[in-house]
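In this chain, numbering begins with 1 at the start of the sequence shown. Computed over heavy atoms, backbone and side chain alike; hydrogens, waters and symmetry mates excluded.
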Amino acid sequence: MLCGGKKSYFAAAVCIITLTSTVTLSYLRLQRLSHLPKIIQEGSRCRGKITNSTITPLKDNRTFIIAPYFDDRESKTTRVIGIVHHEDVKQLYCWFCCQPNGKIYVSKAKIDVHSDRFGFPYGAADIVCLEPENCDPTHVSIHQSPRGNIDQLPRFEIKNRKAETFSVDFTVCISAMFGNYNNVLQFIQSIEMYKILGVQKVVIYKNNCSQLMEKVLKFYMEEGTVEVIPWPINSHLKVSSKWHFMQDGTHIGYYGQITALNDCIYRNMQRSKFVVLNDADEIILPLKHPDWITMMSSLQEQNPGTGIFLFENHIFPETISTHVFNISSWNTVPGVNILQHVHREPDREDVINPRKMIIDPRKVIQTSVHSVLRAYGNSVNVPMDVALIYHCRVPLQGNLPRESLIRDTTLWRYNSSLIVNVNKVLYQTVL
């Protein structure tokens with residue numbers, strides 16, 4: 001009887017598992033079917049107004065579209081980078097108008113709000129729609145309903161439709177420039193250091209800055225180094241300058257930094273071999289290699305299949321100075337002279353130093369600030385003897401005496417080239 005009972009239990013368990021699997025597969029199949037594009041109209045001329053704004057609110061005022069990107073890494077989809085209210089936005093639809101037959105397809109979106117909202121009601125979101133199999137739409141409209149008039153909806157160009165060869169090796173993404181930013185000298189020094197290290201493009205999501213900073217940005221844009229993306233997020237949402245929610249009525253953290261970083265990855269996915277995610281006061285300094293090109297070549301060789309390389313952040317307090325490189329003409333320029341700050345704070349017990357990243361953008365699906373949230377490739381923490389992030393800013397350990405800091409003059413290896421290059425920019429912009 002006992003043996004027979006065991007057989008009965010085993011049979012029942014197999015039956016339950018089989019039934020559960022069948023129900024789950026049926027549910028997933030129905031879910032996919034509900035997201036397949038459906039023709040709702042034919043003979044249309046696709047006349048909706050094309051929008052070129054960086055941030056476009058939908059009529060619900062709970063959804064903000066940044067940009068759509070073609071993404072065929074898993075299936076033929078349009079991935080729209082956006083900002084949504086994490087509770088209020090339940091349904092969205094992609095409207096595709098296919099030329100030349102004028103067929104309009106509507107596809108139910110999967111709304112994937114990124115996990116790193118840090119308590120704010122609004123967060124970065126991927127609005128992902130399956131595309132029609134038999135057409136490659138150039139534009140998409142986003143709507144709360146599968147019904148309506150496409151001519152009344154704003155149209156967004158779907159970027160990354162055509163595969164490109166890499167035009168640059170490294171693109172640095174800086175988000176977001178705000179608070180009437182005026183740290184002119186350190187900004188120029190950072191850009192020139194990036195160029196020395198191998199960067200060809202710097203993308204800046206600009207909310208606002210000083211007039212002098214505007215002049216510097218204009219110079220770099222004309223040079224071809226900097227691309228400025230307007231980022232008027234405070235025209236749409238109550239922004240916080242903090243990264244975590246303070247129960248103060250704000251909607252989104254740190255001027256929508258995470259959304260901008262994700263947009264920057266997709267914007268440069270087809271044109272840049274690597275994308276670097278850091279702030280304007282941070283420089284990844286190689287210790288064993290002369291530049292990022294040789295460093296990344298070595299790191300990739302040592303870590304096959306890795307798409308995310310994380311570098312440890314170290315604070316070089318701007319309050320502790322050395323009198324070396326006290327260049328008189330630079331003293332009239334607002335901002336910090338990084339060459340005078342070569343003492344770093346020691347590690348704190350029980351505190352993990354945050355990291356910033358160099359990534360292969362084609363292996364990343366979603367990112368946060370200090371790590372990726374979803375990716376195809378592996379991540380590796382780069383040892384400090386290979387490289388570290390030089391982060392010159394206000395101290396985190398302000399009570400430490402100078403003797404407790406660690407003198408680290410790695411930056412000075414680049415001083416000759418840096419001084420010459422910075423002077424060239426200053427004499428064409430500021431001095």
Side-chain angles (χ1 to χ4, degrees), residues 54-57 62-69 71 79-89 110-128 159 171-179 181 202-208 227-246 248 250-269 275-282 307-311 313 354-361 363-375 379 389 391:
T54 315
I55 304 173
T56 304
R62 294 284 188 276
T63 306
F64 303 87
I65 305 301
I66 311 305
Y69 297 93
D71 187 355
R79 182 182 299 271
V80 183
I81 305 298
I83 297 170
V84 303
H85 191 284
H86 77 286
E87 289 179 334
D88 293 353
V89 180
K110 178 188 175 188
I111 304 168
D112 188 358
V113 183
H114 293 205
S115 55
D116 274 10
R117 284 186 300 106
F118 302 109
F120 288 94
Y122 284 82
D126 291 355
I127 301 159
V128 184
K159 304 177 193 296
T171 297
V172 175
C173 295
I174 295 174
S175 65
M177 184 178 281
F178 63 89
Y181 184 89
V202 179
V203 181
I204 296 168
Y205 287 73
K206 181 176 75 78
N207 181 264
N208 64 36
E227 177 184 359
V228 172
I229 311 296
W231 194 245
I233 190 166
N234 49 337
S235 299
H236 305 285
L237 293 166
K238 292 179 185 173
V239 295
S240 173
S241 58
K242 310 290 184 187
W243 64 269
H244 61 293
F245 190 46
M246 304 289 288
D248 55 0
T250 53
H251 292 145
I252 195 165
Y254 212 71
Y255 280 73
Q257 177 188 32
I258 292 175
T259 310
L261 288 175
N262 280 274
D263 180 71
C264 198
I265 288 173
Y266 281 89
R267 188 177 289 268
N268 294 284
M269 192 168 281
V275 166
V276 186
L277 306 176
N278 65 214
D279 295 333
D281 57 0
E282 296 172 328
I308 299 98
F309 299 85
L310 297 111
F311 299 82
N313 195 302
R355 292 176 181 268
K356 294 293 178 75
M357 298 172 277
I358 296 179
I359 62 167
D360 174 350
K363 291 186 176 177
V364 174
I365 304 169
Q366 292 178 356
T367 193
S368 188
V369 178
H370 301 292
S371 63
V372 298
L373 301 177
R374 292 177 58 205
S379 296
I389 295 178
H391 190 183

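Residues P230 and T54 form a side-chain contact, since some pair of their non-hydrogen atoms from C-beta on lies under 4.5 Å apart. Using a 4.5 Å heavy-atom threshold, the side chains of T259 and F64 count as separate. V84 is not listed as a side-chain neighbour of R62, based on a closest heavy-atom distance of 4.5 Å or more. For the pair M177/V228, no side-chain contact is recorded, criterion being any heavy-atom separation below 4.5 Å from C-beta on. At least one side-chain heavy atom of V369 sits less than 4.5 Å from a side-chain heavy atom of K356. The shortest side-chain heavy-atom distance between Q366 and D112 falls under the 4.5 Å cut-off. When side chains are defined from C-beta on, S175 does not count as touching W231, because their heavy atoms never get closer than 4.5 Å. Counting only heavy atoms from C-beta outward, the side chains of Y266 and D71 approach each other to under 4.5 Å.
Distance check: I359 CD1 to M269 CE gives 7.5 Å after rounding to the nearest 0.5 Å. Taking OH of Y122 as the reference point, atom OG1 of T63 lies at 8.0 Å (rounded to 0.5 Å). In this structure, I233 CD1 and I66 CD1 are separated by 7.0 Å, a value rounded to the nearest 0.5 Å. With rounding to the nearest 0.5 Å, the separation of OG in S368 from CG in N262 is 8.5 Å. To the nearest 0.5 Å, atoms NE2 (H114) and CD1 (I258) are separated by 9.0 Å. The distance from the CD1 atom of I389 to the CD atom of E282 is 5.5 Å, given to the nearest 0.5 Å.
The aromatic rings of W243 and F118 stand perpendicular to each other, their planes meeting at an angle above 60°, with 30° marking the opposite boundary.
Contact between I55 and P57 at its shortest, heavy atoms only, is O-CD, 3.9 Å. Shown here for V372 and S379, the closest heavy-atom pair between the two residues is CG2-OG, 4.1 Å. When all heavy atoms of F245 and G119 are compared, the closest pair comes out as CD2-O, 3.3 Å.
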Please lay out, stage by stage, how I127 and I65 fare under the test side-chain contact (heavy atoms from CB on, under 4.5 Å).
CA-CA 9 Å; I127 301 159; I65 305 301; 4.0 Å; yes
Going through the checks in order, is the side-chain contact (heavy atoms from CB on, under 4.5 Å) test met by I265 and C173?
CA-CA 8 Å; I265 288 173; C173 295; 5.7 Å; no
Step by step, work out the side-chain contact (heavy atoms from CB on, under 4.5 Å) result for Q257 and D279.
CA-CA 10 Å; Q257 177 188 32; D279 295 333; 3.7 Å; yes
List the steps, then state whether salt bridge (Lys or Arg N to Asp or Glu O under 4.0 Å) holds for D248 with K238.
CA-CA 10 Å; D248 55 0; K238 292 179 185 173; over 6 Å; no
Stepwise side-chain contact (heavy atoms from CB on, under 4.5 Å) check, V275 with M357
CA-CA 8 Å; V275 166; M357 298 172 277; over 6 Å; no
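Side chain of Y205 to backbone of C264: a donor-acceptor contact under 3.5 angstrom is found. For N207 (side chain) and P232 (main-chain N/O), no donor-acceptor pair under 3.5 Å exists by modelled atom type.
With 3.5 Å as the limit, one finds a donor-acceptor pair spanning the side chains of Y69 and D263.
Checked against V202 for a side chain to side chain contact (heavy atoms under 4.5 Å, CB included), the options T171, I174, V276 give a single hit: I174.
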